[in-house]
Amino acid sequence: MATPLSDSSLSPQSPFKTIAVVGLGTMGTGIAEVLARAGREVVGIDISEAAAARAVAALEAATERGVTRGRITEHERGDVLARFRTFTDLQAAADADLVIEVVPESYEIKQQVFRELDAIVRPEAVLATGTNALSVTRLAAESARPERVLGLHFFNPAPAMKLVEVVSSVLTAPQAVASVTDLALDLGKEPVAVGDRPGFVADGLLFGYLNQAAAMYEAKYASREDIDAAMRLGCGLPMGPLALLDLIGVDTARTVLEAMYAASHDRLHAPAPILKQLSEAGLTGRKSGRGFYSYEAPGSATVVRDSLTPPEGAATAPGRTVRSVGVAGSGTMASGIAEVFAKAGYEVVLAARSEEKAQAAKARIGKSLARSVDKGRMTGEAAAETLDRITPAGSYDAFADVDLALEAVAEDLEVKRQLFATFDKVCKPGAILATTTSSLPVVACARATSRPQDVIGMHFFNPAPAMKLVEVVRTVLTADDVHATVRELCAKVRKHPVDCGDRAGFIVNALLFPYLNNAIKMVEEHYATLDDIDAAMKLGGGYPMGPFELLDVVGLDVSLAIEKVLHREFRDPGLAPAPLLEHLVAAGCLGRKTGRGFREYAKR
């Protein structure tokens, strides 16, 4: 019979003093280090004596680095090491106030651990599972004390990562949740309260995105290097998705996705077949020495060349000569791209629908260059020379002699088609015609001309002067020398080109917006708050902005338009825009630009 809960046994005045960590792999060892450094007595338990020895060695090495860097004294190091003891028998957890299990992601293994702990620990001890994929409710239901079972999901590496997801089931006692939350705060972590569903918040959003990236690579839409570079440079992520899958473990990712799909039946969570193929071949990522990439040795982070690595200095088709560039448009993107080319020494014609608009766009560039001078990034003389290279024009007839005509006008296919028809009339033979579209078919722009072989996509990211990425989008009609010229141009203007085909979203938006849409669905389902989701992705995923911060910056109307394009192209029910997004757009709540989106903003 379960012992009734008492408030005093789990109050903040009576914190967990002795904590057992069951499973001393990478995660368990990291959690043990965090606890020992925070003054807790830590009982480390693993059936493998070798694993226990590695955990001790890892703590010794970590604390030695702390002494070397002046973060702790030698005496403090000795105290930390003395607080960590290892055992190979679960009986060692008998006196623990809290037990955290981080054994392999298997119901059978975890249930066996919980059954044995039921017969060992004190009635008031709290049992926490470190799972990120399995049902906490299912594990709790088979425990003798389900009210004392909850999830405590740390992120790897535990000593460095601030996020801890505190997962409660319908059976969990509020006092247990409160006590564990207090512990997380005492450890210097930022706890987020979530309910019980596979992946919780951070992994629930992260693994869907990783799965789509794997599927994109499997479809040979883009190379592994280009997919990873696109997400690092286009979204500011610390790692690309395929490199991250290798770090997490391809087999682990597949397990998490299987659990998510079993609960959601969302095709976006159905593991990409390549994950099964790599797992069953033993190519599980860094830990095996090979996954999506090849590594110097098992466990190494050093990527080595393999048969899929692009050859260095590969010969490309001879390009065309580009000395002058025409940029069509008067908005932020157009002026940013004009600034990029002018800084690189190109003569730029900046054309808009009127002379006044073109002059205003040039004035905006002047202000941007002045800020660069103020910040010491360029000299006043260089800024003046850059601005002198830009010629404003009120008619596209001014593009008669440019070698590259690039449009950055409204994201409206008919508007772009009309503009390309104009380019076709005014631009000289051999000029390259490019679109900066982020979601529309490039080939539709090409077909509006009599020279579709000269048309290509150059998707810059905003703000163009700062963002390094350009998605280079070939259609089935684009000539080889046009493609080669644009890639060479990207290098000359100090941008990183990634190749992709002409389909909705290209690389970045095709991976980014389903993730944002899924975050909105979490809020719709009252699973977590805006603040908790944003915190989880910044702290647990290393994202520079949470999804709702980003949505409000991008604009909810822009986001909805891209979601609709993706849904229309791929026809996957999981890509249907979240109703909440549609409702906010219909209400005129478009984000920061209107003062209200998912959050409210002070009026400028």
query = Are R224 and D306 within salt-bridge range, i.e. N to O under 4.0 Å?
reply = yes

message = What verdict does the side-chain contact (heavy atoms from CB on, under 4.5 Å) test give for L163 and E190, after you've listed the backbone C-alpha separation in whole Å, the side-chain angles of each residue and the deciding distance to 0.1 Å?
response = CA-CA 5 Å; L163 180 67; E190 297 198 31; 5.5 Å; no

ask   = Partners of K287 by salt bridge (charged side-chain N to carboxylate O under 4.0 Å, His left out), sequence neighbours excluded?
value = D251

query = Will you find, in the side chains of N211 and Y261, an N or O donor that is under 3.5 Å from an N or O acceptor?
reply = no

request  = Answer yes when R40 and D186 have at least one side-chain N-carboxylate O distance shorter than 4.0 Å, and no when they do not.
outcome  = yes

Sole residue of V21, V43, T18 in side chain to side chain contact (heavy atoms under 4.5 Å, CB included) with L35 = V21

ask   = Do side-chain atoms of S294 reach the backbone of R290 as a donor and acceptor pair under 3.5 angstrom?
value = no

ask   = Would you say the side-chain atoms of Y527 pair up with the backbone N or O of G195, donor to acceptor, closer than 3.5 Å?
value = yes

Residues in side chain to side chain donor-acceptor pair (under 3.5 Å) contact with S279, at least two apart in sequence or another chain = none

query = Taking the side chain from T172 and the backbone from V149, do they hold a donor-acceptor pair closer than 3.5 Å?
reply = yes

query = Of all heavy-atom pairs between A55 and T29, which one has the smallest distance, and what is that distance?
reply = CB-OG1, 3.5 Å

inquiry  = By the definition side-chain hydrogen bond (donor to acceptor under 3.5 Å, both in side chains), identify the one residue from H153, E101, E105 that meets it with T131.
reply    = E105

query = Which residues pass the side chain to side chain contact (heavy atoms under 4.5 Å, CB included) test with A36, sequence neighbours left out?
reply = V42, V80

message = Under a 3.5 Å distance rule, please check whether D97 uses its side chain to pair with a backbone N or O of K17 as donor and acceptor.
response = yes

inquiry  = Tell me if a side-chain donor or acceptor on D196 pairs with a main-chain N or O of V167 at a distance below 3.5 Å.
reply    = no

inquiry  = Check this for me, if you would: do E33 and R37 make a salt bridge, where the nitrogen-to-carboxylate-oxygen distance has to be below 4.0 angstrom?
reply    = yes

task = Return yes if some donor-acceptor pair links the side-chain N/O of N156 with the main-chain N/O of T26 below 3.5 Å, else return no.
result = no

Side chain to side chain donor-acceptor pair (under 3.5 Å) partners of residues 541-552, not counting sequence neighbours, each pair once = K538-E549, D552-Y601

task = Give every residue pair that meets the side chain to side chain donor-acceptor pair (under 3.5 Å) criterion with at least one member in residues 500-517, sequence neighbours excluded.
result = none

message = Quick check against the 3.5 Å criterion: does K189 have a side-chain atom that pairs as donor or acceptor with the backbone of T181?
response = no

task = Using a cut-off of 6.0 Å, state whether more than 12 heavy atoms not belonging to I109 lie near its atom CD1.
result = yes

ask   = Is the shortest distance from a Lys or Arg side-chain nitrogen in D480 or R474 to a carboxylate oxygen in the other one below 4.0 Å?
value = yes

query = Checking Y107 side chain against S135 main chain: does a donor-acceptor pair fall under 3.5 Å?
reply = yes

query = Is there a donor-acceptor contact under 3.5 Å linking the side chains of D118 and S143?
reply = yes

S179 side-chain N/O to A176 backbone N/O, donor-acceptor pair under 3.5 Å = no

key: Pairs involving residues 67-84, ordered by first then second residue, that meet salt bridge (Lys or Arg N to Asp or Glu O under 4.0 Å) (sequence neighbours left out)   = E74-R77

query = Relative to each other, are the rings of H459 and F461 parallel, tilted or perpendicular (30° and 60° limits)?
reply = tilted

task = Answer yes if the side chains of E108 and Q112 hold a donor-acceptor pair under 3.5 Å, and no otherwise.
result = no

task = Answer yes or no: is there a donor N or O on one side and an acceptor on the other, between the side chain of D46 and the main chain of A51, under 3.5 Å?
result = no

